[in-house]
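Below is one structure; the comments refer to it alone.
Below, chains carry the letters A, B, ... as their sequence lines are ordered, and counting in each starts from 1.
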There are 2 protein chains.
Amino acid sequence: MQQFGPGEFLFFENDVATDAHFLLSGQLKIVRETEDGQEVILRLIRAGEMFGGAGGWGAATYPATAVALDQARVFRLPVQEFARLAGHYPQFALAVIEELGLRLREAESRIRELQVERVERRIARTLLRLANKIGHKTDRGIQIDLPQSRQHLAELSGATLSTVSRVLSEWDRQGLILAGRERVTIVRPHELVVIAEDTVESDLG
Amino acid sequence: MQQFGPGEFLFFENDVATDAHFLLSGQLKIVRETEDGQEVILRLIRAGEMFGGAGGWGAATYPATAVALDQARVFRLPVQEFARLAGHYPQFALAVIEELGLRLREAESRIRELQVERVERRIARTLLRLANKIGHKTDRGIQIDLPQSRQHLAELSGATLSTVSRVLSEWDRQGLILAGRERVTIVRPHELVVIAEDTVESDLG
DNA sequence: CGTGTAATTGAGTAGGGTCAACGTGAGTGG
DNA sequence: CCACTCACGTTGACCCTACTCAATTACACG
(Lines give C-alpha, C1' and ligand atoms only; values in the text may rest on other atoms or scores of the structure.)
Protein backbone atom coordinates (compact mmCIF):
# COMPACT_ATOMS: atom_id res chain seq x y z
CA MET A 1 0.00 0.00 0.00
CA GLN A 2 1.52 3.32 -1.06
CA GLN A 3 0.81 7.02 -1.56
CA PHE A 4 1.88 9.25 -4.42
CA GLY A 5 1.53 12.95 -5.19
CA PRO A 6 0.83 14.65 -8.52
CA GLY A 7 3.64 14.15 -11.03
CA GLU A 8 5.29 11.33 -9.09
CA PHE A 9 6.29 8.16 -10.88
CA LEU A 10 5.02 4.81 -9.62
CA PHE A 11 7.31 2.82 -11.88
CA PHE A 12 9.19 3.28 -15.12
CA GLU A 13 9.14 1.48 -18.41
CA ASN A 14 11.78 -1.27 -18.34
CA ASP A 15 11.81 -1.55 -14.57
CA VAL A 16 11.59 -5.16 -13.44
CA ALA A 17 7.88 -5.93 -13.20
CA THR A 18 7.59 -7.04 -9.60
CA ASP A 19 3.98 -6.20 -8.81
CA ALA A 20 0.50 -5.86 -10.14
CA HIS A 21 -1.16 -2.61 -8.98
CA PHE A 22 -4.62 -1.50 -8.01
CA LEU A 23 -5.56 2.13 -7.73
CA LEU A 24 -7.58 2.74 -4.58
CA SER A 25 -8.10 6.45 -5.04
CA GLY A 26 -6.92 9.26 -7.27
CA GLN A 27 -6.03 9.25 -10.92
CA LEU A 28 -2.97 8.34 -12.95
CA LYS A 29 -1.72 7.83 -16.47
CA ILE A 30 0.21 5.06 -18.20
CA VAL A 31 2.62 6.48 -20.77
CA ARG A 32 5.36 5.59 -23.17
CA GLU A 33 8.03 8.09 -23.98
CA THR A 34 10.44 8.47 -26.85
CA GLU A 35 14.02 9.36 -26.10
CA ASP A 36 13.30 12.92 -27.25
CA GLY A 37 10.63 13.34 -24.62
CA GLN A 38 7.55 12.87 -26.71
CA GLU A 39 4.90 11.11 -24.70
CA VAL A 40 2.00 8.85 -25.60
CA ILE A 41 -0.73 8.11 -23.07
CA LEU A 42 -1.80 4.49 -23.29
CA ARG A 43 -4.40 4.57 -20.55
CA LEU A 44 -5.88 6.79 -17.90
CA ILE A 45 -6.51 4.95 -14.64
CA ARG A 46 -9.23 5.76 -12.15
CA ALA A 47 -9.89 4.43 -8.68
CA GLY A 48 -10.79 0.75 -8.75
CA GLU A 49 -8.79 -0.14 -11.83
CA MET A 50 -5.89 -2.55 -12.17
CA PHE A 51 -2.69 -1.49 -13.90
CA GLY A 52 0.99 -2.26 -14.18
CA GLY A 53 0.19 -5.95 -14.14
CA ALA A 54 2.17 -6.98 -17.18
CA GLY A 55 4.45 -9.03 -14.98
CA GLY A 56 1.41 -11.20 -14.35
CA TRP A 57 1.05 -11.99 -18.03
CA GLY A 58 4.52 -12.71 -19.17
CA ALA A 59 6.43 -9.43 -19.30
CA ALA A 60 9.75 -9.36 -17.50
CA THR A 61 9.67 -5.57 -17.24
CA TYR A 62 6.93 -2.96 -17.23
CA PRO A 63 6.13 -2.03 -20.81
CA ALA A 64 5.21 1.53 -19.84
CA THR A 65 5.60 4.19 -17.15
CA ALA A 66 2.97 5.10 -14.53
CA VAL A 67 2.59 8.71 -13.37
CA ALA A 68 0.22 10.02 -10.70
CA LEU A 69 -2.00 12.92 -11.81
CA ASP A 70 -3.12 13.82 -8.30
CA GLN A 71 -3.01 12.23 -4.85
CA ALA A 72 -3.08 8.50 -5.50
CA ARG A 73 -3.31 5.56 -3.15
CA VAL A 74 -2.10 2.29 -4.58
CA PHE A 75 -2.25 -1.34 -3.51
CA ARG A 76 0.53 -3.57 -4.84
CA LEU A 77 0.29 -7.33 -5.32
CA PRO A 78 3.49 -9.30 -6.02
CA VAL A 79 3.34 -11.05 -9.39
CA GLN A 80 4.05 -14.45 -7.80
CA GLU A 81 0.91 -13.97 -5.75
CA PHE A 82 -0.93 -12.88 -8.86
CA ALA A 83 0.18 -16.00 -10.75
CA ARG A 84 -0.82 -18.19 -7.81
CA LEU A 85 -4.29 -16.67 -7.76
CA ALA A 86 -4.71 -17.15 -11.50
CA GLY A 87 -3.52 -20.76 -11.23
CA HIS A 88 -5.79 -21.68 -8.32
CA TYR A 89 -8.96 -19.72 -8.90
CA PRO A 90 -10.48 -20.20 -12.35
CA GLN A 91 -12.84 -17.31 -11.73
CA PHE A 92 -9.92 -14.98 -11.21
CA ALA A 93 -8.17 -16.30 -14.32
CA LEU A 94 -11.31 -15.85 -16.38
CA ALA A 95 -11.75 -12.32 -15.08
CA VAL A 96 -8.19 -11.50 -16.09
CA ILE A 97 -8.79 -13.00 -19.52
CA GLU A 98 -11.88 -10.85 -20.00
CA GLU A 99 -10.09 -7.74 -18.83
CA LEU A 100 -7.19 -8.34 -21.20
CA GLY A 101 -9.56 -9.12 -24.04
CA LEU A 102 -11.38 -5.87 -23.48
CA ARG A 103 -8.19 -3.85 -23.42
CA LEU A 104 -6.94 -5.59 -26.52
CA ARG A 105 -10.09 -4.69 -28.40
CA GLU A 106 -9.81 -1.10 -27.24
CA ALA A 107 -6.19 -0.95 -28.32
CA GLU A 108 -7.05 -2.32 -31.75
CA SER A 109 -9.80 0.24 -32.15
CA ARG A 110 -7.32 2.93 -31.41
CA ILE A 111 -4.90 1.53 -33.98
CA ARG A 112 -7.63 1.65 -36.58
CA GLU A 113 -8.47 5.23 -35.67
CA LEU A 114 -4.90 6.44 -35.75
CA GLN A 115 -4.45 4.87 -39.12
CA VAL A 116 -7.53 6.07 -40.96
CA GLU A 117 -9.25 8.92 -39.10
CA ARG A 118 -8.37 12.59 -39.21
CA VAL A 119 -7.32 14.51 -36.17
CA GLU A 120 -10.56 16.36 -35.54
CA ARG A 121 -12.49 13.14 -35.36
CA ARG A 122 -9.93 11.50 -33.11
CA ILE A 123 -10.14 14.41 -30.72
CA ALA A 124 -13.92 14.18 -30.68
CA ARG A 125 -13.74 10.49 -29.85
CA THR A 126 -11.18 11.06 -27.15
CA LEU A 127 -13.41 13.68 -25.57
CA LEU A 128 -16.41 11.38 -25.61
CA ARG A 129 -14.40 8.54 -24.09
CA LEU A 130 -13.12 10.85 -21.40
CA ALA A 131 -16.64 12.03 -20.74
CA ASN A 132 -17.64 8.43 -20.12
CA LYS A 133 -14.71 7.71 -17.95
CA ILE A 134 -14.09 10.79 -15.86
CA GLY A 135 -16.89 13.17 -16.83
CA HIS A 136 -19.44 14.39 -14.33
CA LYS A 137 -22.69 16.17 -14.90
CA THR A 138 -23.07 19.83 -14.19
CA ASP A 139 -25.86 22.24 -15.07
CA ARG A 140 -23.94 23.31 -18.17
CA GLY A 141 -23.10 19.86 -19.47
CA ILE A 142 -20.70 17.00 -18.94
CA GLN A 143 -17.58 18.38 -17.38
CA ILE A 144 -14.14 16.81 -17.74
CA ASP A 145 -11.49 17.93 -15.29
CA LEU A 146 -7.97 17.06 -16.29
CA PRO A 147 -4.69 18.73 -15.40
CA GLN A 148 -2.88 20.03 -18.48
CA SER A 149 -5.97 19.04 -20.40
CA ARG A 150 -4.79 20.22 -23.84
CA GLN A 151 -1.50 18.41 -23.57
CA HIS A 152 -3.16 15.26 -22.28
CA LEU A 153 -5.86 15.35 -24.90
CA ALA A 154 -3.14 15.61 -27.51
CA GLU A 155 -1.28 12.61 -26.16
CA LEU A 156 -4.46 10.60 -26.00
CA SER A 157 -5.67 11.37 -29.49
CA GLY A 158 -2.43 11.52 -31.41
CA ALA A 159 -2.21 15.22 -32.12
CA THR A 160 -0.17 18.18 -30.95
CA LEU A 161 -1.07 20.55 -28.17
CA SER A 162 -1.52 23.34 -30.71
CA THR A 163 -3.93 21.39 -32.85
CA VAL A 164 -6.03 20.34 -29.88
CA SER A 165 -6.20 23.90 -28.67
CA ARG A 166 -7.24 25.15 -32.10
CA VAL A 167 -9.93 22.51 -32.49
CA LEU A 168 -11.34 23.10 -29.02
CA SER A 169 -11.40 26.85 -29.61
CA GLU A 170 -13.40 26.32 -32.77
CA TRP A 171 -15.87 24.02 -31.04
CA ASP A 172 -16.18 26.52 -28.23
CA ARG A 173 -16.99 29.23 -30.76
CA GLN A 174 -19.67 26.96 -32.23
CA GLY A 175 -21.07 26.32 -28.77
CA LEU A 176 -20.44 22.58 -28.73
CA ILE A 177 -18.23 22.78 -25.70
CA LEU A 178 -16.91 25.18 -23.11
CA ALA A 179 -13.14 25.24 -23.23
CA GLY A 180 -11.78 26.09 -19.80
CA ARG A 181 -8.48 25.94 -18.05
CA GLU A 182 -7.70 22.32 -17.14
CA ARG A 183 -11.29 21.63 -18.01
CA VAL A 184 -13.63 20.95 -20.90
CA THR A 185 -17.39 20.95 -20.59
CA ILE A 186 -19.36 19.16 -23.29
CA VAL A 187 -22.48 21.17 -23.96
CA ARG A 188 -23.88 19.36 -26.98
CA PRO A 189 -22.71 15.75 -26.82
CA HIS A 190 -24.80 14.73 -29.78
CA GLU A 191 -23.04 17.06 -32.18
CA LEU A 192 -19.71 15.77 -30.99
CA VAL A 193 -20.91 12.26 -31.72
CA VAL A 194 -21.76 13.38 -35.24
CA ILE A 195 -18.21 14.61 -35.70
CA ALA A 196 -16.83 11.45 -34.13
CA GLU A 197 -18.86 9.02 -36.22
CA ASP A 198 -20.16 10.87 -39.24
CA THR A 199 -20.94 7.90 -41.46
CA VAL A 200 -21.35 9.93 -44.60
CA GLU A 201 -24.41 8.03 -45.76
CA SER A 202 -23.66 8.79 -49.37
CA ASP A 203 -26.60 8.69 -51.74
CA LEU A 204 -25.82 5.55 -53.68
CA GLY A 205 -29.38 4.68 -54.65
CA MET B 1 -12.24 -28.20 -39.62
CA GLN B 2 -12.56 -26.12 -42.78
CA GLN B 3 -10.78 -25.11 -45.96
CA PHE B 4 -10.60 -21.63 -47.52
CA GLY B 5 -9.10 -20.25 -50.73
CA PRO B 6 -7.31 -16.94 -51.28
CA GLY B 7 -9.57 -13.94 -50.76
CA GLU B 8 -12.26 -15.93 -48.98
CA PHE B 9 -13.71 -14.61 -45.73
CA LEU B 10 -13.67 -16.81 -42.64
CA PHE B 11 -15.89 -14.51 -40.65
CA PHE B 12 -16.88 -10.86 -40.62
CA GLU B 13 -16.62 -8.13 -38.04
CA ASN B 14 -19.86 -8.07 -36.03
CA ASP B 15 -20.75 -11.67 -36.78
CA VAL B 16 -21.74 -13.54 -33.63
CA ALA B 17 -18.51 -14.91 -32.20
CA THR B 18 -19.30 -18.62 -32.04
CA ASP B 19 -15.83 -20.14 -32.29
CA ALA B 20 -12.18 -19.72 -31.52
CA HIS B 21 -10.00 -20.58 -34.52
CA PHE B 22 -6.64 -22.21 -35.09
CA LEU B 23 -4.84 -21.96 -38.39
CA LEU B 24 -3.43 -25.36 -39.35
CA SER B 25 -1.84 -24.32 -42.63
CA GLY B 26 -1.73 -21.32 -44.94
CA GLN B 27 -1.82 -17.63 -44.13
CA LEU B 28 -4.53 -15.11 -43.40
CA LYS B 29 -5.11 -11.56 -42.25
CA ILE B 30 -7.31 -10.00 -39.58
CA VAL B 31 -8.65 -6.64 -40.75
CA ARG B 32 -10.99 -3.83 -39.86
CA GLU B 33 -12.65 -1.84 -42.57
CA THR B 34 -14.21 1.58 -42.67
CA GLU B 35 -17.49 2.04 -44.48
CA ASP B 36 -15.60 3.68 -47.36
CA GLY B 37 -13.53 0.54 -47.89
CA GLN B 38 -10.32 1.60 -46.22
CA GLU B 39 -8.72 -1.38 -44.57
CA VAL B 40 -6.42 -1.76 -41.58
CA ILE B 41 -4.60 -5.02 -40.96
CA LEU B 42 -4.53 -5.84 -37.29
CA ARG B 43 -2.62 -9.09 -37.54
CA LEU B 44 -1.19 -11.53 -40.00
CA ILE B 45 -1.77 -15.14 -38.99
CA ARG B 46 0.49 -18.04 -39.83
CA ALA B 47 0.05 -21.77 -39.37
CA GLY B 48 -0.08 -22.70 -35.70
CA GLU B 49 -1.57 -19.45 -34.47
CA MET B 50 -4.87 -18.86 -32.74
CA PHE B 51 -7.24 -16.15 -33.96
CA GLY B 52 -10.85 -15.07 -33.93
CA GLY B 53 -11.10 -16.08 -30.31
CA ALA B 54 -12.59 -12.90 -28.94
CA GLY B 55 -15.76 -14.80 -28.09
CA GLY B 56 -13.61 -16.64 -25.57
CA TRP B 57 -12.73 -13.43 -23.77
CA GLY B 58 -15.96 -11.59 -23.51
CA ALA B 59 -16.82 -10.28 -26.97
CA ALA B 60 -20.31 -11.07 -28.21
CA THR B 61 -19.25 -10.55 -31.84
CA TYR B 62 -15.99 -10.75 -33.73
CA PRO B 63 -14.25 -7.39 -33.47
CA ALA B 64 -12.62 -7.83 -36.90
CA THR B 65 -12.83 -9.71 -40.18
CA ALA B 66 -10.66 -12.70 -41.19
CA VAL B 67 -9.57 -13.15 -44.81
CA ALA B 68 -7.53 -16.02 -46.25
CA LEU B 69 -4.44 -14.96 -48.20
CA ASP B 70 -3.86 -18.39 -49.72
CA GLN B 71 -5.09 -21.94 -49.18
CA ALA B 72 -5.90 -22.11 -45.49
CA ARG B 73 -6.97 -25.00 -43.28
CA VAL B 74 -8.71 -23.99 -40.10
CA PHE B 75 -9.78 -25.77 -36.94
CA ARG B 76 -12.70 -24.25 -35.07
CA LEU B 77 -13.40 -24.64 -31.37
CA PRO B 78 -16.80 -23.52 -29.99
CA VAL B 79 -16.43 -20.76 -27.42
CA GLN B 80 -18.33 -22.77 -24.80
CA GLU B 81 -15.68 -25.42 -25.15
CA PHE B 82 -13.01 -22.77 -24.95
CA ALA B 83 -14.48 -21.34 -21.76
CA ARG B 84 -14.75 -24.85 -20.29
CA LEU B 85 -11.08 -25.48 -20.99
CA ALA B 86 -10.03 -22.19 -19.46
CA GLY B 87 -12.17 -22.86 -16.38
CA HIS B 88 -10.89 -26.41 -15.83
CA TYR B 89 -7.26 -26.31 -16.85
CA PRO B 90 -5.25 -23.55 -15.17
CA GLN B 91 -2.37 -24.18 -17.57
CA PHE B 92 -4.64 -23.40 -20.49
CA ALA B 93 -5.97 -20.28 -18.79
CA LEU B 94 -2.45 -19.09 -18.01
CA ALA B 95 -1.37 -19.71 -21.58
CA VAL B 96 -4.29 -17.63 -22.83
CA ILE B 97 -3.41 -14.86 -20.38
CA GLU B 98 0.17 -14.78 -21.63
CA GLU B 99 -0.93 -14.77 -25.25
CA LEU B 100 -3.32 -11.89 -24.66
CA GLY B 101 -0.71 -10.01 -22.68
CA LEU B 102 1.77 -10.36 -25.50
CA ARG B 103 -0.71 -9.16 -28.08
CA LEU B 104 -1.72 -6.25 -25.89
CA ARG B 105 1.88 -5.14 -25.57
CA GLU B 106 2.35 -5.42 -29.30
CA ALA B 107 -0.79 -3.40 -29.93
CA GLU B 108 0.36 -0.68 -27.55
CA SER B 109 3.72 -0.50 -29.27
CA ARG B 110 1.95 0.00 -32.52
CA ILE B 111 -0.16 2.79 -31.03
CA ARG B 112 2.97 4.53 -29.90
CA GLU B 113 4.53 4.19 -33.33
CA LEU B 114 1.51 5.45 -35.18
CA GLN B 115 1.36 8.43 -32.91
CA VAL B 116 4.96 9.60 -32.94
CA GLU B 117 6.96 7.97 -35.74
CA ARG B 118 7.16 9.07 -39.37
CA VAL B 119 6.04 6.87 -42.19
CA GLU B 120 9.46 5.77 -43.39
CA ARG B 121 10.36 4.44 -40.00
CA ARG B 122 7.06 2.68 -39.58
CA ILE B 123 7.53 0.96 -42.89
CA ALA B 124 11.03 -0.14 -41.89
CA ARG B 125 9.68 -1.60 -38.68
CA THR B 126 6.87 -3.35 -40.44
CA LEU B 127 9.33 -4.92 -42.85
CA LEU B 128 11.53 -6.14 -40.03
CA ARG B 129 8.58 -7.60 -38.19
CA LEU B 130 7.42 -9.34 -41.32
CA ALA B 131 10.92 -10.67 -41.86
CA ASN B 132 10.75 -12.24 -38.42
CA LYS B 133 7.35 -13.65 -38.95
CA ILE B 134 7.16 -14.82 -42.52
CA GLY B 135 10.64 -14.20 -43.90
CA HIS B 136 12.83 -17.01 -45.16
CA LYS B 137 16.50 -16.97 -45.98
CA THR B 138 17.69 -17.00 -49.55
CA ASP B 139 21.15 -16.44 -50.98
CA ARG B 140 20.28 -12.79 -51.59
CA GLY B 141 18.85 -12.02 -48.16
CA ILE B 142 15.70 -12.46 -46.13
CA GLN B 143 12.80 -12.83 -48.50
CA ILE B 144 9.23 -11.88 -47.68
CA ASP B 145 6.52 -13.26 -49.93
CA LEU B 146 3.19 -11.55 -49.63
CA PRO B 147 0.36 -11.16 -52.14
CA GLN B 148 -0.31 -7.48 -52.93
CA SER B 149 2.71 -6.73 -50.83
CA ARG B 150 2.68 -2.94 -51.28
CA GLN B 151 -0.98 -2.68 -50.36
CA HIS B 152 -0.55 -4.97 -47.38
CA LEU B 153 2.55 -3.20 -46.19
CA ALA B 154 0.62 0.03 -46.36
CA GLU B 155 -2.24 -1.34 -44.27
CA LEU B 156 0.18 -2.74 -41.74
CA SER B 157 2.24 0.38 -41.32
CA GLY B 158 -0.36 3.10 -41.63
CA ALA B 159 0.59 4.54 -44.99
CA THR B 160 -0.76 4.56 -48.52
CA LEU B 161 0.15 2.16 -51.27
CA SER B 162 1.85 4.96 -53.18
CA THR B 163 4.02 5.99 -50.28
CA VAL B 164 5.11 2.42 -49.57
CA SER B 165 5.98 1.94 -53.21
CA ARG B 166 8.02 5.13 -53.27
CA VAL B 167 9.91 4.28 -50.11
CA LEU B 168 10.67 0.74 -51.25
CA SER B 169 11.86 2.02 -54.62
CA GLU B 170 14.23 4.36 -52.88
CA TRP B 171 15.59 1.63 -50.63
CA ASP B 172 15.97 -0.61 -53.64
CA ARG B 173 17.99 2.09 -55.37
CA GLN B 174 20.21 2.31 -52.28
CA GLY B 175 20.65 -1.44 -52.26
CA LEU B 176 19.01 -2.05 -48.89
CA ILE B 177 16.35 -4.29 -50.34
CA LEU B 178 15.22 -5.90 -53.55
CA ALA B 179 11.71 -4.77 -54.38
CA GLY B 180 9.95 -7.44 -56.41
CA ARG B 181 6.41 -8.20 -57.41
CA GLU B 182 4.54 -9.60 -54.39
CA ARG B 183 7.92 -9.90 -52.75
CA VAL B 184 10.53 -7.94 -50.85
CA THR B 185 14.01 -9.23 -50.12
CA ILE B 186 15.93 -7.58 -47.33
CA VAL B 187 19.55 -7.38 -48.38
CA ARG B 188 20.99 -5.26 -45.58
CA PRO B 189 18.89 -5.81 -42.48
CA HIS B 190 21.19 -3.78 -40.31
CA GLU B 191 20.68 -0.59 -42.27
CA LEU B 192 16.94 -1.09 -42.07
CA VAL B 193 17.29 -1.40 -38.32
CA VAL B 194 19.12 1.91 -38.29
CA ILE B 195 16.21 3.53 -40.08
CA ALA B 196 13.73 1.80 -37.79
CA GLU B 197 15.44 2.72 -34.54
CA ASP B 198 17.79 5.57 -35.23
CA THR B 199 18.24 6.74 -31.68
CA VAL B 200 19.96 9.97 -32.61
CA GLU B 201 22.68 9.56 -30.01
CA SER B 202 23.11 13.28 -29.78
CA ASP B 203 26.49 14.46 -28.53
CA LEU B 204 25.54 15.65 -25.10
CA GLY B 205 28.82 15.02 -23.40
C1' DC C 1 1.09 -12.89 -77.14
C1' DG C 2 -2.63 -10.72 -74.80
C1' DT C 3 -4.82 -9.50 -70.46
C1' DG C 4 -5.40 -8.31 -65.77
C1' DT C 5 -3.44 -7.31 -61.48
C1' DA C 6 0.46 -5.27 -59.13
C1' DA C 7 3.53 -1.67 -58.87
C1' DT C 8 5.81 2.73 -60.17
C1' DT C 9 5.99 7.44 -60.67
C1' DG C 10 4.64 12.33 -61.30
C1' DA C 11 2.16 16.65 -60.17
C1' DG C 12 -0.43 19.04 -57.11
C1' DT C 13 -2.25 19.90 -52.55
C1' DA C 14 -3.60 20.19 -47.73
C1' DG C 15 -3.74 18.64 -43.15
C1' DG C 16 -1.53 19.28 -39.43
C1' DG C 17 3.01 19.87 -37.44
C1' DT C 18 6.74 23.41 -35.86
C1' DC C 19 8.16 27.46 -33.90
C1' DA C 20 7.35 31.39 -31.53
C1' DA C 21 4.97 35.21 -29.51
C1' DC C 22 1.38 36.48 -26.70
C1' DG C 23 -2.83 35.98 -23.29
C1' DT C 24 -4.86 34.45 -19.07
C1' DG C 25 -6.07 32.58 -14.85
C1' DA C 26 -4.90 30.59 -10.29
C1' DG C 27 -2.12 30.60 -6.46
C1' DT C 28 1.41 32.93 -3.28
C1' DG C 29 3.56 36.14 -0.55
C1' DG C 30 4.00 40.77 0.89
C1' DC D 1 -6.21 42.55 -0.76
C1' DC D 2 -3.44 43.24 -4.53
C1' DA D 3 0.33 42.40 -7.50
C1' DC D 4 3.52 39.09 -9.13
C1' DT D 5 4.58 34.90 -11.21
C1' DC D 6 4.36 30.63 -13.41
C1' DA D 7 2.10 27.20 -15.77
C1' DC D 8 -1.52 26.64 -18.95
C1' DG D 9 -3.53 27.90 -23.06
C1' DT D 10 -4.27 30.52 -27.54
C1' DT D 11 -3.14 32.02 -31.91
C1' DG D 12 -0.49 33.22 -36.10
C1' DA D 13 2.82 32.31 -39.92
C1' DC D 14 5.13 29.08 -42.23
C1' DC D 15 6.24 24.76 -44.20
C1' DC D 16 6.77 19.87 -45.02
C1' DT D 17 5.29 15.25 -45.03
C1' DA D 18 2.55 12.26 -46.96
C1' DC D 19 -1.93 11.91 -49.24
C1' DT D 20 -4.78 12.22 -53.64
C1' DC D 21 -5.50 11.52 -58.27
C1' DA D 22 -4.08 9.74 -62.37
C1' DA D 23 -1.30 8.03 -66.05
C1' DT D 24 2.10 4.63 -67.16
C1' DT D 25 4.84 0.44 -66.76
C1' DA D 26 6.02 -4.36 -65.48
C1' DC D 27 5.09 -8.87 -64.45
C1' DA D 28 2.75 -13.49 -64.32
C1' DC D 29 -0.64 -16.16 -66.11
C1' DG D 30 -3.30 -18.58 -69.46
Side-chain angles (χ1 to χ4, degrees), chain A residues 5-7 34 36-40 67 69-70 113-124 126-127 144-174 177-185 195 198 200, chain B residues 5-7 29 34 36-40 67 69-70 113-127 143-174 177-185 195 198:
Chain A
T34 48
D36 61 339
Q38 250 186 112
E39 198 175 275
V40 173
V67 187
L69 294 180
D70 48 23
E113 278 174 34
L114 284 169
Q115 214 154 68
V116 303
E117 311 279 22
R118 346 220 102 209
V119 182
E120 195 184 39
R121 182 171 298 190
R122 299 206 302 268
I123 296 174
T126 304
L127 265 188
I144 299 166
D145 289 288
L146 192 66
Q148 302 175 51
S149 60
R150 305 299 182 276
Q151 181 65 37
H152 281 148
L153 274 170
E155 294 173 10
L156 280 165
S157 55
T160 54
L161 189 157
S162 313
T163 301
V164 169
S165 182
R166 268 185 258 273
V167 169
L168 292 196
S169 295
E170 178 59 27
W171 287 345
D172 184 303
R173 242 166 269 134
Q174 297 175 12
I177 64 170
L178 293 170
R181 187 187 174 84
E182 312 214 308
R183 154 175 313 167
V184 178
T185 308
I195 294 174
D198 191 23
V200 185
Chain B
K29 61 180 177 180
T34 48
D36 61 338
Q38 251 186 111
E39 198 175 275
V40 172
V67 187
L69 293 179
D70 48 23
E113 279 174 33
L114 284 169
Q115 212 148 340
V116 303
E117 311 280 22
R118 339 220 117 220
V119 184
E120 195 184 39
R121 184 172 296 191
R122 298 206 303 268
I123 296 173
R125 292 206 178 174
T126 304
L127 265 188
Q143 182 172 317
I144 299 166
D145 289 288
L146 192 66
Q148 302 175 50
S149 61
R150 306 299 181 278
Q151 180 65 38
H152 280 148
L153 274 169
E155 293 174 11
L156 280 165
S157 54
T160 54
L161 188 159
S162 312
T163 300
V164 170
S165 182
R166 267 185 257 271
V167 170
L168 292 195
S169 296
E170 179 58 27
W171 287 345
D172 186 302
R173 241 167 269 134
Q174 298 175 10
I177 63 170
L178 293 170
R181 188 188 175 83
E182 313 214 305
R183 155 174 312 166
V184 178
T185 309
I195 295 173
D198 191 22

Spacing of Trp171(B) atom CH2 relative to dT8(C) atom P, expressed in whole Å
13 Å
Is there a side-chain contact between Ile195(A) and Ile123(A), using heavy atoms and a 4.5 Å cut-off?
no
OP1 or OP2 of dA6(C) versus the side-chain N and O atoms of Ser149(B): is any pair under 4.0 Å?
no
Strictly distance-based, threshold 3.5 Å: is any side-chain N or O of Ser165(A) a donor or acceptor partner for the main-chain N or O of Leu161(A)?
no
Rounded distance (Å) that lies between atom C1' of dC27(D) and atom CG of Asp172(B)
15 Å
Can you tell me how far CZ of Arg121(B) sits from OG1 of Thr126(B), rounded to the nearest 0.5 angstrom?
12.5 Å
Pick the closest DNA chain C nucleotide for Arg173(B) and for Gln38(A) by heavy atoms, then say which residue is nearer the 5' end.
Arg173(B)
dT9(C) phosphate, OP1 or OP2, under 4.0 Å from Ser165(B) side-chain N/O:
no
From Arg181(B) CZ over to Asp145(B) CG, what is the distance, rounded to the nearest 0.5 angstrom?
13.0 Å
Under a 4.5 Å cut-off applied to non-hydrogen side-chain atoms, are Arg122(A) and Val119(A) in contact?
yes
Whole angstroms only, please: what is the CG-P distance between Leu161(B) and dC19(D)?
11 Å
To 10°, what angle do the rotation axes through the five end pairs on each side of the helix from dC1(C)-dG30(D) to dG30(C)-dC1(D) form?
40°
Measure NE2/His152(B) against P/dA6(C) and give the value in whole Å, please.
9 Å
Min side-chain heavy-atom separation Glu120(B)-Glu170(B) under 4.5 Å
no
Gap between atoms CD and C1', on Gln151(B) and dA7(C) respectively (whole Å):
11 Å
Glu155(A) vs Val116(B) side-chain heavy atoms within contact, under 4.5 Å
no
Using heavy-atom distances to pick each residue's nearest nucleotide on DNA chain D, tell me which of Glu117(B) and Leu146(A) is more 5'.
Leu146(A)
Rounded to the nearest Å, what distance is computed from the CZ atom of residue Arg166(B) to the C1' atom of nucleotide dC19(D)?
9 Å
Measure from CZ on Arg150(B) to P on dC19(D) and round the result to the nearest Å.
16 Å
Less than 4.0 angstrom between a side-chain N/O of Thr163(B) and OP1 or OP2 of dC19(D), yes or no?
yes
Glu120(B) vs Ser169(A), nearer the 5' end of DNA chain D by closest nucleotide
Ser169(A)
In whole angstrom, what separates Asp36(A)'s CG from dG17(C)'s P?
15 Å
Once hydrogens and angles are ignored, does a donor-acceptor distance under 3.5 Å link the base of dT5(C) to the side chain of Arg181(B)?
yes
Thr160(B) side chain N/O closer than 4.0 Å to the phosphate oxygens (OP1, OP2) of dA18(D)?
no
